[in-house]
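To start, the structure itself, in structure tokens.
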Number of protein chains: 4
Amino acid sequence: MDPISTSIKDQQLIEKRRRQMIKGAITLFKEKGFHRTTTREIAKASGFSIGTLYEYIRTKEDILFLVCDAIYQQVQERLVAQIDLTNSSVEHFEKVIRSYFYLMDDMQEEVVIMYQEVKSLKKETKEYVLQKERDMVAMLERVIDTCFPGTISLLDRELLANNIFIQGQMWGFRRWMLQKQFTLEDYIDRQIYFLMHSLTVK
Amino acid sequence: MDPISTSIKDQQLIEKRRRQMIKGAITLFKEKGFHRTTTREIAKASGFSIGTLYEYIRTKEDILFLVCDAIYQQVQERLVAQIDLTNSSVEHFEKVIRSYFYLMDDMQEEVVIMYQEVKSLKKETKEYVLQKERDMVAMLERVIDTCFPGTISLLDRELLANNIFIQGQMWGFRRWMLQKQFTLEDYIDRQIYFLMHSLTVK
Amino acid sequence: MDPISTSIKDQQLIEKRRRQMIKGAITLFKEKGFHRTTTREIAKASGFSIGTLYEYIRTKEDILFLVCDAIYQQVQERLVAQIDLTNSSVEHFEKVIRSYFYLMDDMQEEVVIMYQEVKSLKKETKEYVLQKERDMVAMLERVIDTCFPGTISLLDRELLANNIFIQGQMWGFRRWMLQKQFTLEDYIDRQIYFLMHSLTVK
Amino acid sequence: MDPISTSIKDQQLIEKRRRQMIKGAITLFKEKGFHRTTTREIAKASGFSIGTLYEYIRTKEDILFLVCDAIYQQVQERLVAQIDLTNSSVEHFEKVIRSYFYLMDDMQEEVVIMYQEVKSLKKETKEYVLQKERDMVAMLERVIDTCFPGTISLLDRELLANNIFIQGQMWGFRRWMLQKQFTLEDYIDRQIYFLMHSLTVK
DNA sequence: AATGAATGAGTTTTCATTCAT
DNA sequence: AATGAATGAAAACTCATTCAT
């Protein structure tokens, strides 16, 4: 299900070119945001001409979608890779959360792009992207449920999953505030510390 | 300290016109964001001509600054109004946090503007605005320190203040996710519940 | 009833600028047709910048409409000016037709523009322009009816009016064929000669 | 005499491909005109790739020429097929004219293409195409001369032939005006009726 | 102080044409 | 012979900003 039109027939080439495009675009979006980046710059950063760029997309917004989608995809994949739903130990939970925080550190800039630019997508594509975010939160909820069975209400589980989720992102988009006082390790340790208490409250 | 140039002498008029401008601009930014709003639209929504608009600002970005500044100002003022640093009771703490969450609910859309558009400010003005955010977080830290003296380390205090701060904003900028499952009261109750446990952990 | 959007408020200025635009555009359309003419060229030929051009129209097609409308308007006005419906003499009829042919000679190039470009208008504006053509044919019918009362059936009147109408245009758009053999006077004389016979057939 | 360059050797293939191209292009030109049709669309409608298209032509204009030429060719052939220069009866004349009108009805859309797009050809090719039109008019003149010998002057013959010619086309390109009031039969009957009177005027 | 017409650099997008495979 | 990916010049259109009135 590929919603982005192209006149190119070679599917492998499409993927290759789009990968180039996404890479180029992310670099530029990090630097100046979506609106201040021109399609010509994206073409150049991608290593091909403006004409070629438009063989693989229809509008500039398509690029934003491609970028957002790719970022969410990557976050999701890397998060999923850490999760073992057959392992219900508290240690596993901690490991998952910890790696999620590391992941967010690794993808700081990408996360900022998402935060600031998703709103520029149009209704349908935005909905599609936000669904991915819902999925990730649901995943965290499932991990909570697996590792702390029975103790947390559905609603609280959702709340805590959301808290975890944005605390991860916060490390990136509030780094101007946090990263002067905290090392990454400190940040993670303390967040997990409080989280554990919230989860084991009687 | 007014960093925005103008050729108008009458200070009262300047303030009146800027209030009109900010009001008009916020309405438009809510709807379509800063980049998709034109200066002409802002002038129109403000009730005067494009020529007049440019008598009171120098560039479009000035308007964004004015808007962000006004929003932060308002949040800060309304938050400060709730705080009584001579009252060190836990009840007072809870009341402050609760009213902060209500405030964030009230100013949801404005908060979203800040979130998504502050990055478009240039270095100096951005720094000026972010300082206001630091001030607010510092205020929350002070309240924590006042109401839970001695129990929380400086770093943890900062972390929790940040958590509170963004959990308030989260209610607004993640409403598509949260506001289907939670009423405002539920949300506040549960966040405060977990927060209290974090603050009273031994 | 002005269907073309503009951001200019001064009505007189709008008319002045549009007159400039129409004049510039007609010159260019004569030379290279609508599609091969760029908006920049039109702006230049009109004596103002591309930005100014777009203050007075919304799309390139608006210019085409303005041009077609102006041409039809002019043809119609000049045709109407010749018609005296209180004069039912055959001489008057001949005079009207003759002056219509002269008019078509005078506006040859404009007529060619209409012929070739009206199809590029979109449904509504095309319909609006074609109505003017219907009106003109109807006018010719009325003159026939006035000067040859009772002798010609409604349908024949319509047919002959159409014939006259396109024979006038034909002089312009088939000049490559006709204007080598015929002088304008010859052409008119012979067409009127045959026409008179058609109208007085028993 | 083939003015259109190609790198293909197999003459039969050239003709086959061009037939495909003309068919595809006519369909598209009918719908959206020459300028709004892209070469890619023509290639697709012709059943081959854009690369192949350009093996058989050099520029987009070549396609227009091919199309115009094919249309004229067809009109001419079908007209010629009706003419028997050994038959000098008035009935034969009427039959020829009648079948010409039927032909124009049959090829309405093609005729509209010619009318509106021939001007986009460049000088030489346009001249070549218009010569075909001259030939056809000359053919009508010859039929007049054959069936009404001696009665009509050369100039009048040319005028009437032109009138017939464009009255046939008029049925197509003014259908929005005519085809509401007239059936094809009525139209033909009345035009021939007046024509006959013109031809038999003393 | 206020107005709004004028400007033109800059943006997205299209599409005829080429050429390596 | 056929393909279709690549190209980039050129097009329409926008909009922040200026400045004469």
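Protein chains get the first letters and strands the later ones, always in sequence-line order, with residue 1 at the start of each.
Of all nucleotides listed (dT7(E), dT3(F), dA2(E)), dT7(E) comes nearest to the side chain of Phe48(C). Picking from dT14(F), dT3(E), dA5(F) the nucleotide with the shortest atom distance to the side chain of Ile50(C) gives dT14(F). Which of dT7(E), dA5(F), dA6(F) sits closest to the side chain of Thr52(A) comes down to dA6(F).
The residue among Ile8(C) and Ile8(B) whose nearest nucleotide of DNA chain E lies closer to the 5′ end is Ile8(B). Nearest-nucleotide positions on DNA chain F place Lys9(A) closer to the 5' end than the other of Arg58(C) and Lys9(A).
Between the NZ atom of Lys60(B) and the C1' atom of dC15(F) there is a distance of 8 Å, rounded to whole Å. Taking atom CD on Glu61(D) and atom C1' on dT17(E), their separation rounds to 15 Å, with Å as the unit. Atom P of nucleotide dT13(E) and atom CD of Glu55(A) are separated by 14 Å, given to the nearest angstrom. For the pair Arg17(C) CZ and dT7(E) C1', the interatomic distance rounds to 12 Å; values are reported in whole Å. Atom CD1 of Ile63(C) is separated from atom P of dA12(F) by 9 Å (rounded to the nearest Å). Remark: P of dG8(F) and NZ of Lys44(A) are 12 Å apart, rounded to the nearest angstrom. Following rounding to the nearest Å, Glu41(A) (CD) and dT11(E) (P) show an atom-to-atom distance of 7 Å. Atom NZ in Lys16(B) sits roughly 13 Å away from atom C1' in dA2(E) (whole-Å rounding).
For DNA chain F, the residues of residues 28-40 of chain A within the heavy-atom distance limit of 4.0 Å (strictly under) are Arg40(A), sorted by number.
Across every non-hydrogen atom of Tyr72(D) and Lys132(D), the tightest pair is CB-CD, 3.9 Å.
Heavy atoms of other residues, nucleotides or ligands lying less than 6.0 angstrom from NZ of Lys44(C) number 12 at most.
Both distances falling under 3.5 Å, in either a Watson-Crick or a G-U wobble arrangement, place dA20(E) opposite dT3(F). For dT13(E), the paired nucleotide is dA10(F), the pair qualifying as Watson-Crick or G-U wobble because both relevant distances are below 3.5 Å.
Below 30°, between 30° and 60°, or above 60°: for Tyr115(C) and Phe173(C) the angle between ring planes is between 30° and 60°, a tilted geometry.
Between Glu61(B) and Lys126(B) there is no salt bridge, since no side-chain N of the basic residue sits under 4.0 Å from a carboxylate O of the acidic one. Between Lys30(D) and Glu110(D) a salt bridge is recorded (basic side-chain N to carboxylate O distance below 4.0 Å). Between Arg36(D) and Glu31(D), no side-chain nitrogen of the basic residue sits less than 4.0 Å from a carboxylate oxygen of the acidic one, so the salt-bridge criterion is not met. Classification of Asp10(C) and Lys16(C) as a salt-bridged pair fails, no side-chain N sitting under 4.0 Å from a carboxylate O.
The main-chain N or O of Glu55(A) is found under 3.5 Å from a side-chain atom of Thr6(A) such that the two form a donor-acceptor pair.
Listed pair Tyr56(C) / dA6(E) meets the phosphate criterion, a side-chain N or O lying under 4.0 Å from OP1 or OP2. Neither OP1 nor OP2 of dT3(F) sits under 4.0 Å from any side-chain N or O of Tyr54(D).
Ser7(B) comes within 4.0 angstrom of no nucleic acid atom, judged by non-hydrogen atoms across all strands.
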